[in-house]
Amino acid sequence: MKREHRELGMDRPIARRDFLNGIALGIAAGTSAMEAQAQSSPGAAQSAGAENYPPLRAGLRGNYPAAVEEFALMEAGRYRQPAADANGQEEYDLVVVGGGISGLAAAYFYREALGPNQKILILDNHDDFGGHAKRNEFHYQGRTFISFGGTMGIATPYPYSYGAKSLVRELGVEVEKNSEFLNRDLERKYGLGTGTFFDKEHFGEDRLVKGNPRLPQFFASAPLSEAARKDLIRLHGKNPDYMAGMSPQEKKAKLARMSYQDFLLKVAKMSPDALPFFMGAGGRNNKRVDTTPALEAGEHGLVGFNGLGLDLEESFNEGSYLFHFPDGNASIARLLVGKLIPGAMPPHQSMNTIVSAPVAYGKLDEAGSKMRIRLSSTVVRVEHDGAPERSGGVRIAYRNGGKLQGVRAKYCVLACYNSLIPALMPEIPAAQKEALAYPVKVPLIYTNVLIKKWTAFQKLGVARISAPGMYHPNTSLDAGSTVGGYQGVTTPEEPMVFHMVANPNRPGLSRKEQNRAGQQELLKTSFEEFELKIRQQMARMLGAGGFDPAEDIAAMTVNRWPYGYAYTYDTLGDPDVPQEQRPHVIGRQRFGRVTIANSDAGAAAFTNQAMDEANRAVQELLLLQGLT
């Protein structure tokens, strides 16, 4: 084994899992310096371990290999005809394809409209419900540590609709109490702030600089050329009007058609030496400096625009929601499941109890139940039983346990990825197929590393580190919200989760092509390769504080999402057309007894959008039945 691997601790198995079709085959033995993960959980029966409690499964998660292995076969046409021939005699009033927030909400809205006697089945390709709202748990030294492996919270700069607000309220979430649960005491008590890690590949040497880049003294400590330092101080301070002589409307029009990178280099005349500092910067939905429109960068609060005389920065208004559970939106998914299948968890759940509430996974798919959730079931074909508008029902084929199965339903909601729908239903009109194929999901990685202590962060004085030149450009300690019986971390000697975010891309390509390249990269990268990148980055960023990845890492979960956030439009890469001509509007049209509900259908990667699209899809089915 390579010397570097030994020094980083790669020769010491952490709580790692090897998976085949989403089933844990084995658990690597821990070293004498590390306790094995306990076989109990606040979210499962006391005897449950990783083999039957998905949040405990470590290693490669998110869109793990077995969950997405059928996608390429579907797109290649392997399942073009099997729906009518698949084995299975089950019949339902509604089948929902996809158990994410939108799929769970669609089932909820449908049953609320038509009553509890409706027979509903949700099929999902993952071994856990929630879609991107994924919960990661670690058990260490007799304690449970929880973090989010996907969607962080119910936050959006836009107002929630009445329907989404009502659903959040019905789930028992009081968003106005968010500040009561935030665990910010650590940062104040230990003087922790933000830091930036300058890597030697892009800046000439490895150096962690603590402080706010908007203060001139920050750049005085950074390894930069004199030209780069001077320009970065200027850009982070009070800027002149780089577009003097143009009206506000003309400025906005020009900013909308140039990238943030072009604005910095060509308009603000920044030295190219300073560009690496912005490699991790961009707009909404993980866009980068070269794919973010300059106007969006200004709206997002990035630097360089305060001298233009424009009112750009967005803010969260009173109509928007902010709330974050320790496991992100996984608690929202759990609250929905509790409403749909009361036996799956104790009754009367709310935001004050859901984090620690046990989930009885064995109750999700009980025979005879009116409402069922079937996991590890990849839907491969959906077709009408006859002509779409005269059909008597819908046939759905799926793979579960290596076998092709089939069910029939009166109606179907596709709460899956838009790009898969043409392969699921090749009969849909060509224009709708083209529209569904237009968006390219944003690839991303949410990595959670359980560290045995965080004294290195205390010594360095940082809780969050930006690393613009490295694989994970955004990293932070996750102290955890103190809510519902879950206790956040309090002292540096305690274990804590370290959260790392990456957005694989290939600079120089268009945004959609960067997304495609990132997807392929994630699909081809093994857990061991991810682990090496993580250990190397942590050693370099935190080594000066005494952090030793060989000794200080207890467990690791890599949530890879090649099919991550919904694609959002921007003024650089997408045509400016009326709303009704947007691909997501054309793509989400009802096709016979099948409707579409997902965040793709709203062209927005927000929880409220997933809820709104679920509501719209259900209303379309009710209208088809003459019930609205």
Side-chain angles (χ1 to χ4, degrees), residues 155-158 193-198 202-203 209-222 224-320 322 462 464-469 473-474 476 511 568-572:
T156 168
Y158 307 112
T194 60
T196 301
F197 182 74
F198 296 85
H202 297 92
F203 300 96
V209 179
K210 179 185 175 181
N212 187 344
R214 294 185 183 269
L215 301 177
Q217 58 266 35
F218 172 88
F219 291 108
S221 303
L224 298 164
S225 70
E226 194 56 38
R229 181 176 291 107
K230 180 179 179 181
D231 284 345
L232 288 170
I233 291 174
R234 166 171 58 91
L235 287 163
H236 284 79
K238 177 61 178 175
N239 290 264
D241 187 351
Y242 301 116
M243 305 174 78
M246 300 176 67
S247 69
Q249 294 75 19
E250 290 171 333
K251 291 178 181 178
K252 287 186 176 183
K254 187 172 182 178
L255 291 172
R257 293 300 176 186
M258 73 171 68
S259 69
Y260 185 39
Q261 178 172 296
D262 283 346
F263 172 80
L264 292 170
L265 295 176
K266 298 177 181 179
V267 178
K269 304 299 182 182
M270 182 187 75
S271 168
D273 290 351
L275 188 60
F277 184 78
F278 294 94
M279 289 176 61
R284 194 176 297 117
N285 211 12
N286 288 12
K287 290 193 283 289
R288 297 295 186 169
V289 65
D290 61 334
T291 55
T292 299
L295 183 62
E296 184 179 317
E299 293 171 343
H300 207 62
L302 300 184
V303 300
F305 302 94
N306 58 17
L308 302 185
L310 301 175
D311 183 15
L312 293 178
E313 290 193 30
E314 296 177 336
S315 61
F316 286 84
N317 58 54
E318 62 182 18
S320 63
L322 286 167
V462 294
R464 297 169 300 280
I465 303 175
S466 170
N474 298 296
S476 60
R511 181 160 66 100
T568 55
Y569 303 120
D570 66 57
T571 53
L572 283 182

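Side chains included, hydrogens not; waters and symmetry mates left out as well; all remaining heavy atoms used.
- Take D290 and apply the salt bridge (charged side-chain N to carboxylate O under 4.0 Å, His left out) test, not counting sequence neighbours, and it matches no residue.
- D241 is listed as a side-chain neighbour of K251, based on a closest heavy-atom distance under 4.5 Å.
- The line from CD1 of I233 to CD of Q217 is 9.0 Å long, rounded to the nearest 0.5 Å.
- Closest approach of E296 and D570 over heavy atoms only: OE1-CB, 4.1 Å.
- The closest side-chain heavy-atom distance from V303 to R214 is below 4.5 Å.
- Closest heavy-atom contact between G469 and H202: O-CE1, 3.3 Å.
- Residues that satisfy the side-chain contact (heavy atoms from CB on, under 4.5 Å) test with L224, not counting sequence neighbours, are F198, F203, F219, A222, A228, R229, L232.
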Just list the side-chain donor-acceptor pairs under 3.5 Å for residues 266-280, sequence neighbours left out, or say none.
residue: K269; atom: NZ; partner: K266; partner atom: O; Å: 3.0
residue: S271; atom: OG; partner: D273; partner atom: N; Å: 3.1
residue: D273; atom: OD2; partner: S225; partner atom: OG; Å: 3.1

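- By the ring pair (Phe, Tyr, Trp, His ring centres under 6.0 Å) test, F218 is found to be paired with no residue, residues two or more places apart in sequence or in another chain being considered.
- The shortest side-chain heavy-atom distance between L255 and L308 falls under the 4.5 Å cut-off.
- For A220, there are no side-chain contact (heavy atoms from CB on, under 4.5 Å) partners, not counting sequence neighbours.
- Pairing each heavy atom of G193 with each of K210, the nearest pair is N-CE, 4.4 Å.
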Without placing hydrogens or testing angles, list every side-chain donor-acceptor pair under 3.5 Å for residues 242-250, not counting sequence neighbours.
residue: Y242; atom: OH; partner: R234; partner atom: NH1; Å: 2.7
residue: Y242; atom: OH; partner: N239; partner atom: OD1; Å: 2.6
residue: S247; atom: OG; partner: E250; partner atom: N; Å: 3.1
residue: S247; atom: OG; partner: E250; partner atom: OE1; Å: 3.4
residue: E250; atom: OE1; partner: S247; partner atom: N; Å: 2.9

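- Applying the side-chain contact (heavy atoms from CB on, under 4.5 Å) test to S466 and every residue at least two apart in sequence or in another chain returns T196, P468.
- Residue E299 holds its CD atom at 9.5 Å from CZ of F305, rounded to the nearest 0.5 Å.
- Side-chain contact between L295 and T571 is absent, with no heavy atoms from C-beta onward closer than 4.5 Å.
- Taking the side-chain contact (heavy atoms from CB on, under 4.5 Å) definition, one finds that S259 meets it with Q261, D262, L572, sequence neighbours left out.
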